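Working notes, beginning with the structure itself.
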Amino acid sequence: MHEIQVHNTLTNKVEPFVPQKAGEVKMYTCGPTVYDYAHIGNFRTFVFQDILRRFLKLRGFKLTHVMNLTDVDDRIIANAAAAGVSIRDYTAKFVQAFFDDCRTLSVESPEHWIRATDHINDMVGLIQTLQKHTYTYDSEGSIYYRISKFKDYGKLSKIDLTGIQAGARVDNDRYEKESARDFALWKAPKAGEHFWETPIGPGRPGWHIECSAMAMKYLGETLDIHTGGIDLAFPHHENEIAQSEAATGKPFVRYWIHAEHLLVEGEKMSKSLGNFFTLRDLFGKGYKPSALRFALASVPYRRQLNFTFDGLQQATNSVERLRNFAARLKNEKFAAGGNAGMGRLIAQFADDFDAGLADDLNAAQALAAMFDFVREANIAMDKGEFRQAEVAPAQKFLADFDAVFAVLEDNDAEKLKALGFATGSDADDAEIEKLVAERQAARQRRDFAASDRIRNELAGRGILLEDTKDGKVRWKRK
Ligand code: AMP
Ligand code: ZN
């Protein structure tokens, strides 16, 4: 196995990954802000952190992984107030949709799913510690963090602080690097908006304090890994460091790992450009969850991912190819004995796969190893050179692959049904009839390898064949 290396935004270097405690990883992921449905850009980041999580687990690490739901921030407060409902009522639908989407994309649940609004007391406690350490000041009922007091401010995002006026403040939760200012830890109540009565006064938390308070509550003062999309590095993660380290005097996070953004056909995804997609938009167009997961996972996380419909179609084909191969391995009968050459190839490809993921999660390299293997093995099977002894190691390689990529199980139809989409097999009747006829022709000329291949291909697409006594074939959808 290869040494795991990851890119750390803090040092801007690819470094060997060594957790604080051997064999254990404490990891935090900033979850969604549940003011709307998550889009496929968000899921680029959530699939990335899932691949990281799954790879660490495959390597035997015990994970304690926390993901939060930001269910209080500027947009949620404003939208809930406009709708005249409580924050909980406003966010409930989007929380449920997010959980459903994660399940549909096979994004594993972290050990702790937590909500910001369940942790107001923890945030208040952390703000009180910061007050005690004189990192804060009050203004008109709000409490601000004094960034000039924290000498390391900017170490993550490398912002240039020269020219920033001491005491200039920002009230918004989200702002650009150019507007680096003292930020709000606690915001005074505004008419018509939800607030909490607390020992530091009435109000509601700023966005940044929630992740510091919750991460340290569940994971301790120093985490091994903190992940999120690259846009969170500033100001969110910079402010998390400032809050946490000012409170504890200890390093907050050892490895900051950020995913680059998803673009759509080369452009930023935005509602006004009409290129803004939720998962449900794509499923409504007939694409499968496994294809979307594959498309999101297949580009190394530090490269921008250019989402295209061509790419999604290719991902569909890639998943199909893998499933067909897995079915072939399971269903075909191979000659007894072993083939040492094939045995060595499997070991080599499995090692390349591991090397790819260990190298800062290079998904492209890992997938190339898997697809090269599938090609070689299919050729050997066609020639009758694949032997029984290689089935188990080949299946082990596929299982390791799928422990990380999670696309082999043929469960798209079920998942879509659970989301309320009507589904059937993706193949239309004419296409199936054509393949069935081809298989019959192959059987008649006693080409059983070809006939089995077609049977497996149909099986991979959810079509079961039954040979009747009178030499005919019936087919049905699984
Ligand atoms: P939000 O719900 O806005 O807090 O975002 C949830 C996660 O999605 C964060 O980690 C963001 O950095 C990430 N994110 C937002 N837009 C994109 C995008 N276009 N591509 C990749 N990740 C994104
Ligand atoms: Zn966060």
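These numbers come from a predicted model, not from an experiment. Each ligand, and each atom within it, is numbered from 1 in the order the structure gives.
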Aromatic ring pairing F397/F353, orientation class (parallel under 30°, perpendicular over 60°, tilted between): perpendicular
Can you say whether the rings of F150 and Y145 are parallel (under 30°), tilted (30 to 60°) or perpendicular (over 60°)? perpendicular
Nearest non-hydrogen protein atom to atom 18 (C) of ligand 1, with distance, is H261 CD2, 3.3 Å
Ligand 1 to G41, heavy atom cutoff 4.0 Å, flagged ligand atoms 17 (C), 18 (C), 19 (N), 20 (N), 21 (C), 22 (N), 23 (C)
Look at the rings of F294 and F405 and say which category their plane angle falls in: under 30° parallel, 30 to 60° tilted, over 60° perpendicular. tilted
Classify the contact between R174 and ligand 1 as side chain, backbone, both or neither, using a heavy-atom distance cut-off of under 4.0 Å. side chain
May I ask you to list the protein N, O or S atoms found at less than 2.8 Å from the Zn ion (ligand 2)? C30 SG, C211 SG, H236 NE2
Ion pair check, D118 and R88, cut-off under 4.0 Å: yes
Between Q49, K57, K26, which is the residue that forms a side-chain hydrogen bond (donor to acceptor under 3.5 Å, both in side chains) with H65? Q49
Closer than 4.0 Å to some heavy atom of D231 - which atoms of ligand 1 meet that? 11 (C), 12 (O)
Less than 3.5 Å between some nitrogen or oxygen of L232 and one of ligand 1, yes or no? no
State whether R293 and D412 are salt-bridged, where the test is any N-O pair (Lys NZ or Arg NE/NH1/NH2 against Asp/Glu carboxylate O) under 4.0 Å. no
For ligand 1, which atoms sit closer than 4.0 Å to a heavy atom of G228? 10 (O)
Would you check the N or O atoms of G229, main chain and side chain alike, for any that come under 3.5 Å of an N or O of ligand 1? yes
Other residues, nucleotides, ligands: >12 heavy atoms within 6.0 Å of K190 NZ: no
So, are K62 and E111 salt-bridged, with charged N and O less than 4.0 Å apart? no
Minimum distance, heavy atoms only, to atom 7 (C) of ligand 1: which one of Y301, F43, Y35, F46 is it? F46
What class does the angle between the rings of H236 and H208 fall in, given that below 30° is parallel, 30 to 60° is tilted and above 60° is perpendicular? tilted
Within the 4.0 Å heavy-atom shell around L262, which atoms of ligand 1 are there? 18 (C), 19 (N), 20 (N), 21 (C)
If we only count N/O pairs under 3.5 Å, is M269 in contact with ligand 1? no
Under 3.5 Å between some N or O of ligand 1 and some N or O of N42? yes
Do R280 and D101 meet the salt-bridge criterion of a basic N to acidic O distance under 4.0 Å? yes
Run Y175 and F183 through ring-ring contact (aromatic ring centres under 6.0 Å, His included) and show every step you take. CA-CA 10 Å; Y175 48 90; F183 59 92; 7.4 Å; no
Parallel, tilted or perpendicular, judged at 30° and 60°: which one describes the rings of F94 and Y37? perpendicular
Answer with yes or no whether H39 contacts ligand 1, where contact means a heavy atom under 4.0 Å from a ligand atom. yes
Go through ligand 1 atom by atom and flag the ones less than 4.0 Å from a non-hydrogen atom of P32. 2 (O)
Between T45, T33, T227, flag the one that comes closest to atom 4 (O) of ligand 1 by a heavy atom. T33
Please verify the inter-ring angle class for F276 with H39; under 30° counts as parallel, over 60° as perpendicular, anything in between as tilted. perpendicular
